[in-house]
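Values in this document were obtained by computation on a predicted structure and should not be read as measured data. What you see below is based on every heavy atom in this structure, not just the backbone, and it leaves out hydrogens, waters and symmetry mates. Position 1 is the first residue of the sequence; numbering continues from there. Every number for a ligand or one of its atoms is a count from 1 in the order of the listing.
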Amino acid sequence: MTNIAVFASGTGSNAVNLVKTFNSGSRIHVALCLVDRENIPVIEKMRELGVETIYFPRSVWKENPQAILEVLRQHDIKLIALAGFLSFIQEDIINAYNGRILNIHPSLLPAYGGKGMHGGNVHKAVIEAGESKSGATVHIVTNDIDAGPIVVQREVSVLPEDTPESLEAKVHQVEYQIFPEAVIKTVATLTPPPAPKSVDDAWAEVLGVPNNVPPVPQNFTGSVPPTGSTSPTGLTNPTGLTNPTSPISPAIPADPMPPTYLVWSVIMTILCCTIPGIVAIIYSAKVSSKYYQGDFEGSRRASQNAEIWIIISFVLGVLSSTLYLPLTLAGLF
Ligand code: GRF
């Protein structure tokens, strides 16, 4: 959150616009309004909007800028917006807020700026000069009146039928656009946006778990120590997650299934099937020999035994190939 202050001396429509723009959910907050006159409309408007407003007499603005700075410090003010403020800003304040005081002026500066050029005087001078365009400017306040670097400037056209009042109304509409824009632009230069969070950090925040475990090296092949245990290098695993780079840790090993699984599976299947397979072949051979010897009963029993051993061979083959899978995943082979 960036706290800003507005300084105002009159109607305060720009001050109100800044409060309405920023004080409902943005990262910028108008936390304070300072005024240099009593009984001006802006005081009541700020009270209605809930913005703390403090009046300092002109003598304080002139002779005791440290009192102003102290109030700004207490409210942690990072930027000042002069919204129709008519008192002179002392050098101490300008130096303390170097480049962080913005002023809005109702003309296309540098035209129609300087001493005495404020409010209706500006619009009257523009009309009298027969200008075809005017506008508004937000600039950084320096020790030279209306001469600091321009932050945002926008034009309006001046029509032959325009009066100082109608021109003022048009310029005000543009001011309501460019003043918030200039504040955002300037605040952005003061507080660089936070570095984007990594996906891991974001998940760790969502799940409420720490994400301060060192990442697993790319060529990591060992197992992760259990929760709270300490490795020989002195590193601990406080989360108990099997993959510290991700708060949601799948129980699947990082490496693909080793190719040796297939070889072992084939060997085990052959070994398991060989003995019952040989027995089945022997009984199969007996079936025909017994038959041609005329021992039909012996041939029938040999046939039954051959069937049984073929089934035994098949079942062992299936078991040896499928039961080997969990053993492989458990890392026993
Ligand atoms: C604005 O026109 C601004 O440019 C000038 O003073 C006027 C203030 O108007 N500095 P408001 O008090 O904000 O209505």
Can you report which non-hydrogen protein atom sits closest to atom 14 (O) of ligand 1, along with the distance? Ser13 OG, 2.4 Å
Looking at atom 2 (O) of ligand 1, what's its closest protein heavy atom, distance included?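 Result for atom 2 (O) of ligand 1: Glu175 OE2, 3.0 Å.
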Go through the steps to decide whether Arg47 and Glu44 satisfy the test salt bridge (charged side-chain N to carboxylate O under 4.0 Å, His left out), and finish with yes or no. CA-CA 5 Å; Arg47 195 192 61 74; Glu44 177 60 14; 2.8 Å; yes
Considering distance alone, does some N or O of Asn14 sit under 3.5 Å from an N or O of ligand 1?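 Between Asn14 and ligand 1 (N or O atoms, distance only) the closest approach is under 3.5 Å.
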What I want to know is whether Ile104 and ligand 1 share at least one N or O pair that is separated by under 3.5 angstrom.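 N/O-N/O distance below 3.5 Å exists for this pair.
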In terms of atom number and element, which parts of ligand 1 are under 4.0 angstrom from non-hydrogen atoms of [X]?
{"X": "His105", "result": "4 (O)"}
{"X": "Thr11", "result": "12 (O), 14 (O)"}
{"X": "Gly84", "result": "6 (O), 8 (C), 10 (N)"}

Side chains of Ile308 and Ile312: does their closest heavy-atom pair fall under 4.5 Å?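 Yes, at least one pair of side-chain atoms sits under 4.5 Å.
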Under a heavy-atom criterion of less than 4.0 Å, does [X] contact ligand 1?
{"X": "His172", "value": "yes"}
{"X": "His118", "value": "no"}
{"X": "Gly12", "value": "yes"}

Should Trp309 and Phe314 be marked as a ring pair (Phe, Tyr, Trp, His ring centres under 6.0 Å) after you check the CA-CA gap, both sets of side-chain angles, and the distance that decides it? CA-CA 8 Å; Trp309 283 101; Phe314 176 77; over 10 Å; no
Should Glu297 and Lys290 be marked as a salt bridge (charged side-chain N to carboxylate O under 4.0 Å, His left out) after you check the CA-CA gap, both sets of side-chain angles, and the distance that decides it? CA-CA 8 Å; Glu297 180 55 25; Lys290 293 275 182 189; over 6 Å; no
If you apply the rule salt bridge (charged side-chain N to carboxylate O under 4.0 Å, His left out), what do you find for Lys185 with Glu181, and how did you get there? CA-CA 6 Å; Lys185 206 170 162 183; Glu181 283 175 30; over 6 Å; no
side-chain contact (heavy atoms from CB on, under 4.5 Å) for Phe56 and Leu34? Distances and angles first, verdict last. CA-CA 7 Å; Phe56 284 107; Leu34 298 188; 4.0 Å; yes
Taking all atoms of both residues into account, what is the closest heavy-atom pair of Asn3 and Asp76, and its distance?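 Minimum heavy-atom contact is CB-O, 3.3 Å.
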